[in-house]
Peer 1: 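I have a structure here, written as structure tokens, and I will follow up with some questions on it.
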Amino acid sequence: MSNSSYEDDGSAYNMSFMANAGGPNYAPLGKSAPFVIYDKDGTLTRHVGGKAGSTVIPNHSYYYNTQDFKPASWGVRVSNDRYALMRMANVGGSDTAFRVTTPDGGVAINKPSNNQYAGTNALVKLNDGQYTVSFPDGLNSILDGFDIQFFISAGPISGSTMVKFSGIGNYFKVSNRPQVNNLNSLRAAKGTFFAIAGNDLYVKFFTTKQSWFKTQFRKK
């Protein structure tokens with residue numbers, strides 16, 4: 001968003017998100033996810049302390065960290081981070097809940113159905129620490145695997161996020177991405193790769209605008 005302006009009606013100091021079901025807050029994981037508003041030139045947020053490149057995000061602890069702030073009278077937060085959408089989906093007979101833990105320790109959980117078009121959506125920060133995905137229903141709930149889509153719909157697409165998939169490294173691999181030997185090599189990677197360390201599987205996801213591309217997790 002650029003060249004933003006406000007009417008002289010107080011709207012510049014009264015901004016909030018409206019969830020599909022009504023009310024100002026989105027669930028942190030679910031069938032739908034809020035858009036992140038990217039303030040390209042600062043005209044949307046500069047008057048409340050933002051700048052060019054700031055983003056506007058929901059006022060929910062899953063989305064923000066201690067560097068993000070809530071302007072007085074706004075119902076949203078302003079962040080200097082950019083976000084990607086991470087969509088997680090069951091495959092075949094898999095029927096699991098996905099639990100996502102943020103770098104700051106925020107936790108959200110959702111269990112999508114396992115039909116062809118189902119999935120659960122999570123916004124994740126780019127270049128800002130490691131997220132963890134775990135499976136509270138156990139490994140038997142993901143025997144047929146799962147898919148991850150990781151993309152940005154609009155705005156700058158550069159950036160990456162490291163995600164740890166807890167407890168599956170001895171049993172699963174990424175079938176359509178190359179593997180590197182260790183976490184140091186993964187951290188240095190310039191594309192989407194995976195590594196296994198102990199019994200955990202790690203992926204460094206790079207953003208794309210190809211929302212249909214799926215990173216496939218399958219049994220070894």
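Scope of the values below: all heavy atoms of this structure, side chains included, with no hydrogens, waters or symmetry mates.
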Peer 1: Contact between K220 and I196 at the side-chain level, heavy atoms closer than 4.5 Å - yes or no?
Peer 2: yes
Peer 1: So do the side chains of Y171 and N199 get within less than 4.5 Å of each other, counting heavy atoms only?
Peer 2: yes
Peer 1: Give me the atom names and distance for the closest heavy-atom approach of F69 to G50.
Peer 2: CZ-N, 4.0 Å
Peer 1: List the atom pairs, donor and acceptor, that lie under 3.5 Å between side-chain atoms in residues 149-165 and the rest of the protein, sequence neighbours left out.
Peer 2:
unit_1, atom_1, unit_2, atom_2, d
Q149, NE2, S211, O, 2.5
S158, OG, R82, NH2, 3.4
T161, OG1, K125, O, 2.8

Peer 1: Which residues pass the side-chain contact (heavy atoms from CB on, under 4.5 Å) test with K51, not counting sequence neighbours?
Peer 2: S54, N80
Peer 1: Do the side chains of F194 and V180 join up, straight or via other hydrophobic residues, at under 4.5 Å, putting them in one cluster?
Peer 2: no
Peer 1: So, N90 and D95: side-chain donor and acceptor under 3.5 Å apart, yes or no?
Peer 2: no
Peer 1: Taking the side chain as everything from C-beta on, heavy atoms only, tell me whether Y62 gets closer than 4.5 Å to L29.
Peer 2: yes
Peer 1: Can you pull out every salt bridge (Lys or Arg N to Asp or Glu O under 4.0 Å) where at least one residue sits in residues 128-141? Sequence neighbours excluded, please.
Peer 2: K111-D137
Peer 1: Could you state whether V124 and L186 fall into the same hydrophobic cluster, counting links through intermediate Ile, Leu, Val, Met, Phe, Trp or Tyr residues with side-chain heavy atoms under 4.5 angstrom apart?
Peer 2: no
Peer 1: Quick one: OG on S11 to OH on Y6, what's the gap to the nearest 0.5 Å?
Peer 2: 7.0 Å
Peer 1: Return each pair, listed once, that meets ring pair (Phe, Tyr, Trp, His ring centres under 6.0 Å) where at least one residue sits in residues 71-92; pairs must be two or more places apart or across chains.
Peer 2: H47-W74
Peer 1: Who passes side chain to side chain donor-acceptor pair (under 3.5 Å) against T96, sequence neighbours left out?
Peer 2: S141
Peer 1: According to side-chain contact (heavy atoms from CB on, under 4.5 Å), who are the partners of D8, at least two apart in sequence or on a separate chain?
Peer 2: none
Peer 1: Does K70, at its NZ atom, have more than 12 non-hydrogen atoms belonging to other residues, nucleotides or ligands within less than 6.0 Å?
Peer 2: yes
Peer 1: To the nearest 0.5 Å, how far apart are CZ in R77 and OG in S61?
Peer 2: 9.0 Å
Peer 1: If I compare all heavy atoms of A189 with all of K204, which pair ends up nearest, and what's the gap?
Peer 2: O-NZ, 2.9 Å
Peer 1: Measure the spacing between OG1 of T102 and CG of N65 and express it to the nearest 0.5 Å.
Peer 2: 8.5 Å
Peer 1: Determine which pairs satisfy salt bridge (Lys or Arg N to Asp or Glu O under 4.0 Å) with at least one residue from residues 165-194, sequence neighbours left out, and list them in order.
Peer 2: none
Peer 1: Hey, could you give me each pair passing salt bridge (Lys or Arg N to Asp or Glu O under 4.0 Å) that has a residue in residues 144-161? Not counting sequence neighbours.
Peer 2: D147-R218
Peer 1: Could you point out which residue of T120, L123, T215, I148 forms a side chain to side chain contact (heavy atoms under 4.5 Å, CB included) with M86?
Peer 2: I148
Peer 1: Identify the two heavy atoms, one from S134 and one from S166, that lie closest to each other, and give their separation to 0.1 Å.
Peer 2: CB-CB, 4.1 Å
Peer 1: Suppose the criterion is salt bridge (Lys or Arg N to Asp or Glu O under 4.0 Å): which pairs have a residue in residues 38-49, not counting sequence neighbours?
Peer 2: none
Peer 1: So which atom in I57 and which in Y63 form the shortest heavy-atom distance, rounded to 0.1 Å?
Peer 2: CD1-O, 3.8 Å
Peer 1: Determine the minimum heavy-atom distance between P103 and G129, stating which atoms define it.
Peer 2: CG-C, 3.7 Å
Peer 1: Contact between V78 and V76 at the side-chain level, heavy atoms closer than 4.5 Å - yes or no?
Peer 2: no
Peer 1: Answer whether the closest heavy-atom distance between the side chains of K219 and L143 falls below 4.5 Å.
Peer 2: yes
Peer 1: Taking all atoms of both residues into account, what is the closest heavy-atom pair of R87 and A118, and its distance?
Peer 2: NH2-C, 3.3 Å
Peer 1: For N176, enumerate each residue passing the side chain to side chain donor-acceptor pair (under 3.5 Å) test, keeping only those at least two apart in sequence or located in another chain.
Peer 2: none
Peer 1: Holding to ring-ring contact (aromatic ring centres under 6.0 Å, His included), I want the full list of residues that pass it with F135, two or more places apart in sequence or in another chain.
Peer 2: F98, F146
Peer 1: Applying side chain to side chain donor-acceptor pair (under 3.5 Å), can you list everything that pairs with T66, at least two apart in sequence or on another chain?
Peer 2: none
Peer 1: Is the closest side-chain heavy-atom distance between I142 and F217 below 4.5 Å?
Peer 2: no
